[in-house]
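Quick caveat: nothing in here was measured; it's all calculated off a predicted structure.
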Amino acid sequence: MSSCSNPRCPSPSVSASLRCSRCRGPTYCSKACQKSDWKRHKKGCAEAKKGMSSSSSSAASSRPSLVRQNDLERSTKLAERMDARAASQRELDEARRELAEARAAVEKLRREARGY
């Protein structure tokens, strides 16, 4: 863990586990420390937010990256299910064609047997 980013932190030796939710940059040991450091951090945070691009692979964009990853996995699974369904539909259509051909062959044999 890293130390608190607030220079006025009363207990700097405590490990910092909270991050700025806007830029995901500095770490803080408590909400109170984060709140008291906001005036100092605000300008840098806004600049960091402006400088981020959607294709960035930094920690600041890890959440959107995970969302895109999850969407990709869901899309892939959906495509696989659709492919399986299409294959099943093709097999069903083929079986229907074969059944129709068999029925036609049976009907032809019946006509021949009756002498038509």
Side-chain angles (χ1 to χ4, degrees):
M1 284 274 140
S2 58
S3 61
C4 186
S5 297
N6 184 350
R8 293 172 283 144
C9 179
S11 52
S13 61
V14 174
S15 65
S17 59
L18 300 173
R19 286 196 176 273
C20 173
S21 61
R22 187 175 184 196
C23 69
R24 307 288 297 157
T27 54
Y28 298 98
C29 62
S30 67
K31 290 264 185 197
C33 254
Q34 184 176 7
K35 189 173 181 176
S36 70
D37 189 44
W38 177 241
K39 280 187 179 183
R40 183 190 69 80
H41 172 64
K42 186 186 326 186
K43 183 175 179 173
C45 183
E47 289 172 1
K49 188 74 173 172
K50 285 180 191 174
M52 278 190 242
S53 68
S54 61
S55 63
S56 171
S57 62
S58 68
S61 64
S62 64
R63 286 184 190 167
S65 176
L66 289 175
V67 170
R68 286 190 296 269
Q69 179 71 24
N70 289 341
D71 287 346
L72 178 62
E73 289 171 3
R74 276 190 235 126
S75 295
T76 302
K77 288 178 182 176
L78 179 60
E80 289 171 356
R81 286 197 311 259
M82 290 173 67
D83 288 345
R85 181 176 279 172
S88 296
Q89 186 64 45
R90 285 190 297 271
E91 291 170 5
L92 182 60
D93 291 344
E94 180 63 27
R96 285 180 178 152
R97 278 191 292 275
E98 290 174 3
L99 179 60
E101 289 171 3
R103 284 181 176 161
V106 167
E107 187 61 31
K108 183 179 178 183
L109 290 172
R110 284 183 181 159
R111 285 184 193 151
E112 289 174 0
R114 290 182 196 151
Y116 292 99

**Q** Give the minimum heavy-atom separation between R19 and G25, together with the two atoms involved.
**A** NH1-O, 2.7 Å
**Q** So, taking the atom named CZ in R114 and the one named CG in L109, what distance separates them when rounded to the nearest 0.5 Å?
**A** 11.5 Å
**Q** Find the distance between CZ (R103) and CD (E98) and round it off to the nearest 0.5 Å.
**A** 13.0 Å
**Q** Which heavy atom of L18 sits nearest to which heavy atom of K31, and what is that distance?
**A** CD1-N, 3.6 Å
**Q** Could you tell me if the side chain of C20 sits less than 4.5 Å from the side chain of H41, heavy atoms only?
**A** yes
**Q** Which donor-acceptor pairs under 3.5 Å do side chains of residues 76-91 form with protein atoms, sequence neighbours excluded?
**A**
from	atom 1	to	atom 2	distance (Å)
T76	OG1	L72	O	2.8
S88	OG	A84	O	3.0
Q89	NE2	D93	OD1	3.1

**Q** For C33 and S36, which heavy atoms make the closest approach, and how far apart are they?
**A** O-OG, 3.1 Å
**Q** Could you pull out all residues at least two apart from E101 that satisfy salt bridge (Lys or Arg N to Asp or Glu O under 4.0 Å)?
**A** none
**Q** Considering non-hydrogen atoms only, spot the tightest contact between N6 and Y28 and give its length.
**A** N-CE2, 4.0 Å
**Q** Can you tell me how far apart OG (S30) and NZ (K35) are? Round to the nearest 0.5 Å.
**A** 11.5 Å
**Q** Of the non-hydrogen atoms in P7 and R40, which two are nearest, and what is the gap between them?
**A** CD-NE, 3.5 Å
